[in-house]
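First the structure, in the form of structure tokens, and then the observations on it.
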Amino acid sequence: MGGWAIAVHGGAGVDPNLPPERQDQAKQLLTRCLNLGISALRSSLPAVDVVELVVRELETDPFFNSGRGSALTEKGTVEMEASIMDGCGRRCGAVSGITTVKNPVSLARLVMDKSPHSYLAFSGAQEFAKQQGVEMVDNEYFITEDNKGMLKLAKEANTIMFDYRIPAVGLETCSFAVESPLQMNGLPISVYAPETVGCVVVDGQGRCAAATSTGGLMNKMTGRIGDSPMIGAGTYACNLCGISCTGEGEAIIRGTLARDVAAVMEYKGLGLQEAVDFVIKERLDEGKAGLIAVSNNGEVAYGFNCVGMFRGCATEDGFMEVGIWE
Amino acid sequence: MGWAIALHGGAGEIPPTLPPERRQPREAALRHCLEIGISALKADQHPLDVRELENNPNFNAGRGSVLTSNGTVEMEACIMDGNTKKCGAVSGLTTVVNAISLARLVMEKTPHIYLGFDGAEAFAREQGVETIETSHFITLENVDRLKQAKEANRVQIDYTPPFQKEVKEETDIRGGDSQIGTVGCVAVDCHGNLATATSTGGLVNKMVGRIGDTPIIGAGTYANSFCAVSATGKGESIIRATVARDVAALMEYKGLSLKDAAAYTIEECTPRGTAGLIAVSATGEVTMPFNTTGMFRACATEDGHTEVAIWPSA
């Protein structure tokens, strides 16, 4: 027990028919991010710095739904949100409605460190970003061809959907007409692929931190805010643990998922894995979601009640694992 | 067992020397809204109907909201049903007369929980809710509060009293409108159904785009089958301590009573001077703890107990 630990995720709810090359790409990205975090931890970077560093990497890579590669709103634009929490003192920062900031998680960090507030959104957040001199790009930078195609499909189906990672060429093999027992948010799993990203870390000094970042739901109403920037829902950290969640945002909010993992540890005395299992089993009702967590004892855990969650974890004693399925 | 209802009009540094003309309209507003709530509960109306207290112009967080650093209003609100855990939240409203009603529409008419800023305003227009130009919400008292805060270069909770020299603008109280900031209501009906609603203009001199605890499920607002909670005070502290969720979590996971869970959260989890809350339990209990100088509050239970108060009782 003790020592550092890190976990990353790229979203819960994965199509079992995801082509092998996409699965490999995902695993490579997760491994790369894990290694980035591990080097940082070995150089004694504090937990809150490590989670920011790793999530930045996940935001910059277009593979998952955050930063570049974010899901598109009903208007075809990108509105990103992120949050970060430092278990020491439970300081936190969050942003929503970000349209031109290259790394939303870093803006959330600045809200935490450089503003008198915890949460800034839309034009106010953008204004703050300008004042802070963070790297800004055009909204188009975040939009990928894949996601433009997916938005079109979503509109045709006239449903909200999570973003879809299978490239257009594979579409003919997964028509909406196919009856699939696997669904998320009312959609066949083949058309659904939520890939919010997140990272949780406990450093060598036992300090926990968590960060989450996303573009949200494909075809969401403009102005829609999900669980990722919501402290206690998608992200939480205290002196006991750090948690980042992914999946059906509305279910995660209702279940105050991230806070509940810590609360059952604090108030019921459950261990980390027990707490994760309890929350996934008892707090989601019909909702589908997953989460990653670390404890101040150097443990790492994850859980999900849907088919698959892109994740990776590592601990100081040499354990390392990257996975998608159970 | 039985129904119970509690309301708050905000917690903060309410000075014991608050003059009667600033105290009485607010007490009257609380009493009036309490009576509306009690009638509804006695008529066995669904508790969420009771939440629509913003229809009373004396108790409208909208007009009278405190101002951002730009001198504008950005209102937010949140509603949650304890039975279903369905919820709705809005932020960054500038023209919507009743933020809580828009939050309710987000809950009932969209697949989402939370809409903010332009998107929320656009939704309001789609839904045909009452909107008005933003100057309607701005009061002289709040313009002065903002000025004071800027001079002191700080962000403050709504109740920090204006300087003595500004007493002369007291006269701007039109038609009984009160300058109340965060307002909240929690209720449980005689069937044990719980619900909560909170609405606010936020912090004086807040940055444009700043979101506080009110619309964050689990921070300023929360209800489940154990209790319904609405918090008020310094949003940043309430978010960090996940106040509303923690009251319920302490009851559920540690078996604490409503009173003990609420007291613990206010005394141990948030710094002095930052928070207050109202809460009711499924069994009809009420509690209204705060760690600030005062909290405008009122409550009533089926057994006939009622209370309207500002400072700590005895």
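Every chain is numbered from 1, with letters handed out A, B, ... down the list of sequences.
When heavy atoms are compared at a cutoff of 4.5 Å, Ala121(A) approaches chain B by way of both its backbone and its side chain. Within the 4.5 angstrom heavy-atom criterion, atoms from both the backbone and the side chain of Ala241(B) approach chain A. There is no contact between Thr68(B) and chain A, counting heavy-atom distances below 4.5 Å. Contact of Ala249(B) with chain A is made through backbone and side chain together, with heavy-atom distances under 4.5 Å. For Arg259(A), the part lying under 4.5 angstrom from a heavy atom of chain B is the side chain only.
Within a 6.0 Å radius of CD in Glu133(B), more than 12 heavy atoms belonging to other residues, nucleotides or ligands are found. Other residues, nucleotides and ligands contribute more than 12 heavy atoms inside 6.0 Å of the NZ atom of Lys150(B).
Side-chain contact of Glu52(A) with Ser106(A): a donor-acceptor pair under 3.5 Å is present, judged by distance alone.
For residues 253-260 of chain B, a heavy-atom distance under 4.5 Å to chain A picks out Tyr253(B), Lys254(B), given by residue number.
The greatest number of non-hydrogen atom pairs below 4.5 Å with chain B, out of Asp285(A), Leu270(A), Val264(A), Leu120(A), is found for Leu120(A). For the options Leu115(B), Asp213(B), Val208(B), heavy-atom pairs under 4.5 Å to chain A are most numerous at Leu115(B). When Glu79(A), Arg90(A), Lys75(A) are compared by the number of non-hydrogen pairs under 4.5 Å with chain B, Arg90(A) comes out ahead.
Legend: residues meeting side chain to side chain donor-acceptor pair (under 3.5 Å) with Thr212(A), ordered by chain and number and at least two apart, are Thr235(A), Ser244(A). Scored by the side chain to side chain contact (heavy atoms under 4.5 Å, CB included) test, Glu252(B) finds Arg283(A), Asn224(B), Phe226(B), Arg245(B) as partners (sequence neighbours excluded). The side chain to side chain donor-acceptor pair (under 3.5 Å) check on Asn139(A) picks up nothing, with sequence neighbours excluded.
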Begin from the C-alpha positions of Asp246(B) and Tyr267(A) and carry the test side chain to side chain donor-acceptor pair (under 3.5 Å) through to its verdict.
CA-CA 10 Å; Asp246(B) 267 41; Tyr267(A) 300 146; 2.7 Å; yes
Decide yes or no on side chain to side chain donor-acceptor pair (under 3.5 Å) for Tyr222(B) and Thr242(B), but give the supporting numbers first.
CA-CA 10 Å; Tyr222(B) 186 78; Thr242(B) 54; over 6 Å; no
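For Lys85(B) and Glu250(A), the salt-bridge test fails: no basic side-chain N is under 4.0 Å from an acidic carboxylate O. The residues Asp86(A) and Arg91(A) are annotated as salt-bridged, a charged nitrogen and a carboxylate oxygen being separated by less than 4.0 angstrom.
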